Engineer: 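First the structure, which I've put down as structure tokens, then a few questions once you've had a look.
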Amino acid sequence: DEGVISSQEFSTCANSGETISGQFQLKYIIKSGYVFGSPIILDASVTAEQLRTILETELNMMGFIRTTRSGNTQCQSKNSWTWSVTFTDSSRVVGNLKTNGDSLHPDGATISHAVSIRELDLLRGSFAIINPVDGRSSREISYNASASLVKDVIETDLSIGVKSVQVENLHFNSHPEFGRRWTIKFSSYTGDWGRDVNVPNLQVDGSQLFGKDAIVWSHVGFEGRGSLGGTFAVSFRGCENSKFISHDSPRDDIVDALVSLESINKVTVSERRVVSNEAGRNGFSWSITFESVNRKTDYGWIIDPAGTSTSGNLEPLEITSHLTGWESGYFVESENGKGEGDIQAQWMTKKMGNDGSDSGAVYVYINSEEIWQKEETIVASDFKSHDHFGASVSINANYLLVGAPSKQVNGIPEQQVLTCAGEATDGTFQILFRGFRSSSIAFDATLPEIQLAVLGTYGDTNNIHATPMLVFATDPNGWDGTSSGFCDGVNDKSFSITFLTPDGGGISTFDERSGDIEAVSIDSTALIGATVHVTELSAGTSAPMGKDLKNSCPTGKQSGSAYLYQRVESCPHCIPTWTQITKFTPLDGLDIPMDAADFGRSVRFASDDDHARRIVVVGSPGFNQESGKVYIFHFVQGLWVLLDSLTDQDWNNDKMVGNRFGASLDANLDTIIVGSPGYSDNRGAVYCFRKSKNGKPYLSSQKILGPVELVTGDNFGHSVSLSGNRAVICAPGKTGPAIHIGNEANIKTQ
């Protein structure tokens, strides 16, 4: 410590031209006047190293003395020197050297008094304590204050309850000038929002402390972990706050607070749930469903049916917190949708509001006693705006197939694999993602220990967020994750992370593509003997918005779906219901969802009389830049699975795109005809496929190009129908013969 270093200096001198010889004496006198040991006799020519050795031995200061010797430039005699003696730890004893040159030769030779060239610079002065919450500052407290004084200052000046104060000096000699520590145990703190055992982290002002590198600081040894308490208020769409309600309010109190707002008419609130997380934090949560809201206009608040002013996707609630307790806080899980407000990037679990515009519906009518009457209205169980549910339908006895070609399909999740290469002997590594990093992971950590180090609670953590979910898994044929550590073996070990995000609502990847999440990065600089690297197992295709932020790159969201329903009569006199039995997406056809694939634009359900053989045919004319594709599913052992898929590749040697193969179709169990109205600049074509007994289930049979007079825009194959050995093909863009209708003129003259 620089503050406990002191130095003294003395010199010999004689008349000009004379040579100094003989001896001199040194005494070490403690400031109290005590002479430490006998006088030390030294030769007039003693070197710095000799002086250091003799002083360390005689004064019992081994390792605590440094010495120098240099010529005395202020003296013209020979063998005249200046010695400096530095005591590197004067905290042990503080004394002065006293010189005596009576034994120096020749006559007139002298030795100077030892003078201090570096004094001790020990702690002195005072400091103050500050409460950062209310800004109150204490009186100045002496650097050597007693425990009772510090307790009185905190309680009196800062109004914070103190249970006890322990004080100790930081140096072994028990002098406060070398440092002092006060350990304070608090009882409670009463703030604006009530009593809390979690006392504010006090700050200190050491501007009045002096000494070499004098400093005062405070830190928290252990947080006061008081239970959650206090109150909070809610607001919505910028209206005035509700009254403050308890942190553990029952459902009815939450409802009352919400409907008291000018912006809310009706909500449904779940029962209060107790929540906890892996960090040991506990609290309460409520799920709120908005049923009727208002919007503010220049004329006041007016009703906003289904939240249509924001397409049903409502803004999050605003919270004003008067909560108390250890690290108390709150967060609102909501879905905003895009831009800077995209809290999907913050990985919260929530559900986006939707007003259902253009979601679609199907109406089933039955002819009873020569009158067509509505039997049921069917909407998709997961309907959202712009699904276009009902764009195509096919009914066969008690089965109904419905296409929704704009239905959102979330795609497949991102999967990344972390592999440890080499046999580590010690050390740690960290996983980094979007500015967050895991805790240090030991080289021999198991998979559960790795997961614990990576995941953190949203809102107050440096770790990677855990919600909605990151799934950690190992290869069934490789490392099992528990019997050994990740990097402690000879063979390379791997585990995968599946990102079950994003799952809807915004752009949340660095390149503005929603599904293909960037790779995590690894800091393995502290890992000894091994390295950890990352590879992408599968690129995510989940797409919150259907397009990127620039609206230029398809991301695989609105690829379409088809729904299969079955008519069920639970008893002879019961009202029949149409029940969804499955849903088809491009994923079922083993394809990655792509935007505007138009899956479900055309559909057909075909079966034999007893339904022993059943197939579902779904057209996807937007597939692969509108090249188009048709999927065939069949029912096997209680499951609907892919049987075959059809394209025009057997005839499309030029690999033309834009043909919209599958825009229309019809089928029976043996024959499928597919319209391709975009073929050859929208002239159009139709393709025929036949059931095969061997090999590929359906084989290309014929390409029908229609009449020779087809021209651009005729759209031959726009719609098709198949019955027995007849097929009807429509070309709605065809221009027919001109027909002129007029009146015959009878001209008479007089």
Side-chain angles (χ1 to χ4, degrees), residues 360 362 364 378 380 388-405 407 559-567 578 580-586 588-589 591 597-623 628-636 640-648 659-677 684-692 696-702 704 716-730:
V362 171
V364 180
I378 301 174
H388 297 140
F389 176 86
S392 59
V393 294
S394 176
I395 192 167
N396 186 310
N398 290 329
Y399 290 92
L400 172 63
L401 183 62
V402 182
K407 181 63 184 175
S559 54
S561 300
Y563 300 77
L564 183 60
Y565 296 85
Q566 184 176 12
R567 188 175 185 269
W578 287 88
Q580 180 180 320
I581 57 177
T582 193
K583 174 184 174 183
F584 302 96
T585 73
D588 300 299
D591 281 324
D598 236 9
F599 182 95
R601 176 59 62 185
S602 57
V603 296
R604 182 71 167 91
F605 183 94
S607 71
D608 53 19
D609 292 338
D610 59 1
H611 298 296
R613 295 171 58 207
R614 287 170 273 176
I615 62 169
V616 162
V617 187
V618 181
S620 180
F623 176 81
K629 192 171 186 177
V630 170
Y631 302 84
I632 307 167
F633 303 93
H634 66 152
F635 193 69
V636 179
W640 284 95
V641 296
L642 182 68
L643 172 64
D644 200 357
S645 60
L646 310 176
T647 66
D648 64 357
N659 295 339
R660 290 192 60 79
F661 177 90
S664 62
L665 58 84
D666 201 355
N668 55 40
L669 292 176
D670 298 315
T671 304
I672 299 175
I673 58 173
V674 180
S676 183
V686 172
Y687 301 85
C688 181
F689 298 84
R690 295 284 295 173
K691 186 78 171 66
S692 172
K696 194 176 188 298
Y698 285 86
L699 298 177
S700 304
S701 175
Q702 183 180 351
I704 305 172
F716 180 75
H718 177 271
S719 55
V720 297
S721 182
L722 178 66
S723 177
N725 62 353
R726 285 187 174 86
V728 178
I729 304 172
C730 296

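All values derive from a computational prediction rather than experimental measurement.
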Engineer: Supply the atom-to-atom distance Gln702 CD to Arg690 CZ, rounded to the nearest 0.5 angstrom.
Structural biologist: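 With rounding to 0.5 Å, CD (Gln702) is 11.0 Å from CZ (Arg690).
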Engineer: Mind listing the closest non-hydrogen atom pair of Gly662 and Val674 along with its distance?
Structural biologist: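 Looking at all heavy atoms of both residues, the closest pair is N-CG1, 3.3 Å.
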Engineer: When rounded to the nearest 0.5 angstrom, what is the spacing between CG in Asp591 and OG in Ser620?
Structural biologist: 8.0 Å
Engineer: Are any non-hydrogen side-chain atoms of Arg660 and Asp598 less than 4.5 angstrom apart?
Structural biologist: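 Yes, side chains in contact.
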Engineer: Which atom pair, heavy atoms only, marks the closest approach of Ala562 to Leu401?
Structural biologist: CB-CD1, 4.3 Å
Engineer: So which atom in Thr585 and which in Ser561 form the shortest heavy-atom distance, rounded to 0.1 Å?
Structural biologist: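 What the structure gives for the nearest pair is CG2-OG, 3.6 Å.
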Engineer: For Ile704 versus Phe716, what's the shortest heavy-atom pair and its separation?
Structural biologist: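 What the structure gives for the nearest pair is O-CE2, 3.6 Å.
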Engineer: What are the two closest heavy atoms between Gly560 and Pro586, and how far apart are they?
Structural biologist: O-CD, 3.5 Å
Engineer: For Tyr698, enumerate each residue passing the ring-ring contact (aromatic ring centres under 6.0 Å, His included) test, keeping only those at least two apart in sequence or located in another chain.
Structural biologist: none
Engineer: What distance do Leu564 atom CG and Leu400 atom CG have between them, rounded to the nearest 0.5 Å?
Structural biologist: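 That separation rounds to 8.0 Å.
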Engineer: Would you say that Val603 contacts Val616 through its side chain, given a criterion of any heavy-atom pair below 4.5 Å between the two side chains?
Structural biologist: no
Engineer: For Asp666, is there an ion pair with Arg604 - N to carboxylate O distance below 4.0 angstrom?
Structural biologist: yes
Engineer: Do you know the tightest heavy-atom contact between Phe661 and Val630?
Structural biologist: CE2-CG2, 3.7 Å
Engineer: Measure up the Phe389 and Tyr563 rings against each other and bin them: parallel (under 30°), tilted (30 to 60°), perpendicular (over 60°).
Structural biologist: perpendicular
Engineer: Please confirm whether the backbone N or O of Gly600 pairs with a side-chain atom of Ser392, one donor and one acceptor, at under 3.5 Å?
Structural biologist: yes
Engineer: Using residues 717-726 as the side-chain source, report each donor-acceptor pair under 3.5 Å to any protein atom, sequence neighbours left out, with the distance given to one decimal.
Structural biologist:
none

Engineer: Test Asp588 against Tyr631 for side chain to side chain donor-acceptor pair (under 3.5 Å), laying out the working first.
Structural biologist: CA-CA 9 Å; Asp588 300 299; Tyr631 302 84; over 6 Å; no
Engineer: Between atom OG of Ser664 and atom CZ of Arg601, what is the distance when rounded to the nearest 0.5 Å?
Structural biologist: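 Between atom OG of Ser664 and atom CZ of Arg601 there are 11.5 Å.
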Engineer: Measure the CD1-OG distance between Ile615 and Ser607 for me, rounded to the nearest 0.5 Å.
Structural biologist: 9.0 Å
Engineer: Contact between Ser700 and Phe689 at the side-chain level, heavy atoms closer than 4.5 Å - yes or no?
Structural biologist: yes
Engineer: Drop me the distance from Leu646's CG to Ile632's CD1, to the nearest 0.5 angstrom.
Structural biologist: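 One gets 4.0 Å once the value is rounded to the nearest 0.5 Å.
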Engineer: Name the residue from Phe635, Trp640, Tyr565, Phe605 that meets the ring pair (Phe, Tyr, Trp, His ring centres under 6.0 Å) definition with Tyr399.
Structural biologist: Phe605
Engineer: Can you find a heavy atom in the side chain of Asp644 that is under 4.5 Å from one in the side chain of Lys696?
Structural biologist: yes
